[in-house]
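Since the structure comes first, as structure tokens, the remarks are kept for the end.
Letters A, B, ... are given to chains in the order of the sequence lines, protein chains preceding strands, and every chain is numbered from 1.
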Amino acid sequence: MTGESICASDYFERLFEWALALIDAGKAYVDHQTFDEIREGRGNTHESGKESPYRDRSPEENRALFLQMREGKFANGECVLRAKIDMAHSNLNMRDPVIYRIMHTEHHRTGDTWCIYPMYDFTHGQSDALEYITHSLCTLEFEHHRPLYEWFLEHLPTPSKPRQIEFARLNLTYTVMSKRKLLQLVEENRVSGWDDPRMPTISGIRRRGYPAEALRNFCKTIGITKYSSTHDIALLENAVRESLNKTARRYMAVLNPLKVVITNYPEDQVEEFDAINNPEDESAGKRKVPFSRELYIERDDFMLDPPKKFFRLSVGKEVRLRCSYWLKCEEAITDENGEVIELRCTYDPETRGGANPSDGRKVKATIHWVSAAHAVPAEVRLYDRLFSEEDPEAGGQDFLDALNAGSLTSVTNAQLETNLRDAAIGETVQFERLGYFCADQDTTEEAVVFNRTVSLRDSWARAQKK
RNA sequence: AACUCUAUGGUGUAACGGUAGCACAACAGAUUUUGGUUCUGUUUGUCAAGGUUCGAAUCCUUGUAGAGUUGCCA
């Protein structure tokens with residue numbers, strides 16, 4: 001691989017010569033039948049085709065005619081060059097397929113050098129051969145074309161003999177993969193563009209923060225088959241989590257902040273604690289996280305009236321603040337609507353760094369937090385599946401009807417750990433206990449933006465649903 | 001409609017004609033300074049009916065279901 005992109009148009013001259021070679025060998029002819037005559041003459045799967053009245057033109061006459069085609073002596077559709085194979089062949093593609101047609105149009109790469117253009121079938125195998133491709137992979141719809149692919153390789157002096165292998169296209173649950181439908185989503189502004197993080201496009205997936213390694217592993221596990229199957233998107237998400245778990249740095253971020261005041265912590269004191277960047281990778285090292293009297297914790301981590309399996313904070317209960325201190329809630333302050341607006345808590349100086357106290361007290365949960373004075377405000381875009389149904393077209397319904405209205409929830413008042421201020425665009429990190437998040441290109445000096453790549457597995461949320 | 005291809009747990013994917021295995025999902029438990037990770041265990045399968053064979057997921061026939069094709073598109 002050279003890395004340069006190569007186009008079939010780079011081979012137009014060679015293909016033209018090969019077409020002449022076919023003519024000289026009596027294996028191609030110029031057909032002056034009309035479009036409809038050719039179609040009718042082809043017959044169908046239970047009726048063999050009829051030979052064209054121009055089929056037996058001499059190689060000399062065909063050569064002269066074909067050169068005239070190139071010179072622009074004919075109008076569009078006036079004649080075509082056909083391979084002379086077998087009008088009774090059971091495969092319709094082998095019934096003298098058209099290999100060159102006249103098109104008086106400019107080409108985006110070759111300009112106006114050509115007014116005749118080769119058909120896909122006359123280009124595919126030859127291009128592969130010129131590039132010394134051994135296994136030419138394509139999708140199932142080209143299966144019927146393989147005999148033709150091979151026929152050209154057999155009758156042309158190609159430098160190599162590639163092999164075409166077809167496999168089923170990749171389908172995923174909760175999304176659509178067809179270009180036509182994706183285009184519609186873009187044009188109707190159902191998504192923000194081709195690189196919307198919900199789109200199953202390369203740019204979308206990249207912006208979502210899916211690592212290339214995860215995609216490779218996913219492809220490895222789904223394999224290549226001829227069975228048209230639909231892969232569970234959970235398998236992809238699993239590959240993403242698996243990859244990110246090993247590589248993503250951990251940070252603390254509060255998406256839905258609830259203010260905490262630690263009444264027994266000195267007003268102006270700031271401590272810095274060591275936090276492990278990645279427990280799965282010691283070489284990722286540690287970082288400093290500032291701690292102070294006023295913090296934000298996740299609103300979901302406090303309940304006024306908790307169910308019995310709720311291990312997090314409630315009035316009178318104690319939890320561990322990740323890598324800092326144990327925290328006990330003394331009082332919840334509510335507004336006139338009964339909404340909790342602030343927590344009054346105390347900390348235990350003996351539990352510095354989150355260590356267990358000497359009296360043997362136990363705590364069942366560790367929660368994340370952010371020092372209010374040091375927090376970086378951010379916008380966090382919570383992406384979910386684009387469609388709310390496994391098969392958006394089940395029962396023949398319009399796929400747009402299955403769009404998931406909640407596929408994007410934007411949180412504008414998130415509070416991030418101060419270290420996240422300088423996250424590189426495109427870097428995917430873990431917000432501890434929440435999920436993996438990717439710094440988005442919309443980030444500016446003033447506003448930090450993160451996209452949720454995928455959430456962490458949440459067995460608590462799952463248990464709640466039951 | 002015809003022709004071509006395909007069919008293995010809930011979703012996928014393996015198994016020279018010789019013990020149906022693996023991943024994900026689900027469920028249960030252990031560990032845990034992330035209700036994450038990790039570990040252990042459990043549940044569920046060869047589309048149907050015939051045939052060949054000592055022996056069939058595998059080979060043959062028929063049926064059923066799904067996909068693809070029937071452009072001077074790619």
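Side chain of A:His144, nearest nucleotide from B:U33, B:C72, B:G68: B:G68. Nearest nucleotide to the side chain of A:Arg39, out of B:G12, B:U34, B:G71: B:G71. For A:Thr230, counting side-chain heavy atoms from C-beta on, the closest listed nucleotide (B:G35, B:G12, B:A25) is B:G12. The A:Met119 side chain lies nearest to B:G71 when the options are B:G71, B:G68, B:U33. In the set B:G66, B:C27, B:U4, B:C27 carries the atom at the smallest distance from any side-chain atom of A:Arg462. Comparing B:G35, B:A74, B:A2 by their closest approach to the side chain of A:Ser459 singles out B:G35. Nearest nucleotide to the A:Ala234 side chain, out of B:A25, B:U6, B:A74: B:A25.
In this structure, A:Thr221 does not reach the B:C24 phosphate: none of its side-chain N or O atoms is under 4.0 Å from OP1 or OP2. Side-chain N/O atoms of A:Thr225 include one lying less than 4.0 angstrom from OP1 or OP2 on B:U13. Residue A:Thr45 places no side-chain N or O under 4.0 Å from the OP1 or OP2 atom of B:A1. For the pair A:Arg101 and B:C73, the criterion of a side-chain N or O lying under 4.0 Å from OP1 or OP2 is met.
Checked for salt-bridge contact, A:Glu13 and A:Arg70 meet the test: a charged N lies under 4.0 Å from a carboxylate O. Ionic pairing of A:Asp384 and A:Arg198 is not present here: no N-O contact between side-chain nitrogen and carboxylate oxygen is shorter than 4.0 angstrom. Taking the charged nitrogens against the carboxylate oxygens, A:Arg42 and A:Asp96 have no contact shorter than 4.0 Å, which rules out a salt bridge. Residues A:Asp274 and A:Lys288 are paired through a salt bridge, judged by an N-O separation under 4.0 Å between the basic side chain and the carboxylate. By the 4.0 Å N-to-carboxylate-O rule, A:Arg287 lies close enough to A:Glu417 to be salt-bridged with it.
The partner of B:A23 is B:U11, judged by Watson-Crick or G-U wobble contacts that both fall below 3.5 Å. Of the nucleotides present, B:A49 is the one that pairs with B:U61 by Watson-Crick or G-U wobble criteria, both distances under 3.5 Å. Remark: B:C5 base-pairs with B:G66; criterion is Watson-Crick or G-U wobble with both hydrogen-bond distances under 3.5 Å. With a cut-off of 3.5 Å on both pairing distances, the Watson-Crick or G-U wobble partner of B:C39 is B:G29. The partner of B:C16, taking Watson-Crick or G-U wobble pairs whose two distances both stay under 3.5 Å, does not exist in any strand shown. When Watson-Crick and G-U wobble pairs are counted only if both distances are under 3.5 Å, B:G55 pairs with no nucleotide at all.
Straight-line distance from the OH atom of A:Tyr29 to the C1' atom of B:C72: 13 Å, rounded to whole Å. Rounded to whole Å, atom P of B:G36 lies 14 Å from atom NZ of A:Lys364. One atom, CG of A:Asp36, and another, C1' of B:G71, lie 12 Å apart when rounded to the nearest Å. Across the protein-nucleic acid pair, A:Glu237 atom CD and B:A26 atom C1' stand 16 Å apart, rounded to whole Å. Atom C1' of nucleotide B:G12 and atom CZ of A:Phe218 are separated by 9 Å, given to the nearest angstrom. What separates CG of A:Asp458 from P of B:A25 is a distance of 14 Å, to the nearest Å. Rounded to a whole Å, the CG atom of A:Asn171 is 10 Å from the C1' atom of B:A67. Distance, A:Leu456 CG to B:U32 C1': 14 Å, rounded to whole Å.
The closest side-chain donor-acceptor pair between A:Arg249 and A:Asn278, if any, does not fall under 3.5 angstrom. With no hydrogens or angles considered, a side-chain donor-acceptor pair links A:Asp128 and A:Ser136 at under 3.5 Å. A donor-acceptor contact closer than 3.5 angstrom links the side chains of A:Gln33 and A:Asp31.
In this structure, A:Glu143 reaches the sugar-phosphate backbone alone: every heavy-atom distance under 4.0 Å involves primed, P, OP1 or OP2 atoms, never a base. Residue contacts for A:Gly77: at a heavy-atom cut-off of 4.0 Å it reaches a base atom on one of the strands shown. Within 4.0 Å (heavy atoms only), A:Ala365 reaches no atom of the nucleic acid at all. No engagement by A:Ser324 is indicated, since no non-hydrogen atom pair under 4.0 Å with the nucleic acid exists. Counting any heavy atom pair closer than 4.0 Å across all strands shown, A:Gln33 reaches a base atom. Counting non-hydrogen atoms under 4.0 angstrom, A:Ile38 reaches a base of the nucleic acid. Nucleic acid contact class of A:Tyr325 (heavy atoms, under 4.0 Å, all strands): none. Counting non-hydrogen atoms under 4.0 angstrom, A:His145 reaches a base of the nucleic acid. At a threshold of 4.0 angstrom between heavy atoms, the contacts of A:Phe142 include nucleobase atoms, whether or not backbone atoms are also involved.
Going from the C1' atom of B:G68 to that of B:C54 covers 41 Å, rounded to whole Å. Comparing B:U70 with B:A48, their P atoms sit 33 Å apart, to the nearest whole Å. B:G9 sits 16 Å from B:A49 when the P atoms are compared, rounded to a whole Å. Comparing B:U43 with B:C47, their C1' atoms sit 22 Å apart, to the nearest whole Å. Comparing the C1' positions of B:U8 and B:A23 gives an interatomic distance of 15 Å, to the nearest angstrom. B:G41 sits 27 Å from B:A57 when the P atoms are compared, rounded to a whole Å. As rounded to the nearest Å, B:A15 and B:A1 have C1' atoms that lie 39 Å from one another. For the P atoms, the distance linking B:U40 with B:U6 amounts to 38 Å, nearest Å.
Remark: the A:Arg42 side chain and the B:U70 base include no donor-acceptor N/O pair separated by less than 3.5 Å. One can find a donor-acceptor pair under 3.5 Å joining the base of B:G35 and the side-chain atoms of A:Arg312. Applying the 3.5 Å distance criterion, the base of B:G68 shares no donor-acceptor pair with the side chain of A:Glu166. No hydrogens or angles were tested; on distance alone, a donor-acceptor pair under 3.5 Å links the side chain of A:Gln430 to the base of B:U34.
Residue whose closest nucleotide on RNA chain B sits further toward the 5' end, between A:Asn93 and A:Thr351: A:Thr351. With RNA chain B read from its 5' end, the first of the two nearest nucleotides for A:Asn76 and A:Thr173 is the one closest to A:Thr173.
Taking 90° from 0 as the syn/anti boundary, the base of B:G71 is oriented syn.
Under the 6.0 Å distance and 45° angle rule, A:Arg452 does not count as a cation-pi partner of A:Tyr383. Both the sub-6.0 Å distance and the 45° axial angle are not jointly satisfied by A:Arg462 relative to the ring of A:Trp460.
Centre separation under 5.5 Å together with a plane angle under 30° does not hold for the ring of A:Tyr227 and the six-membered base ring of B:A67, so they are not marked as stacked.
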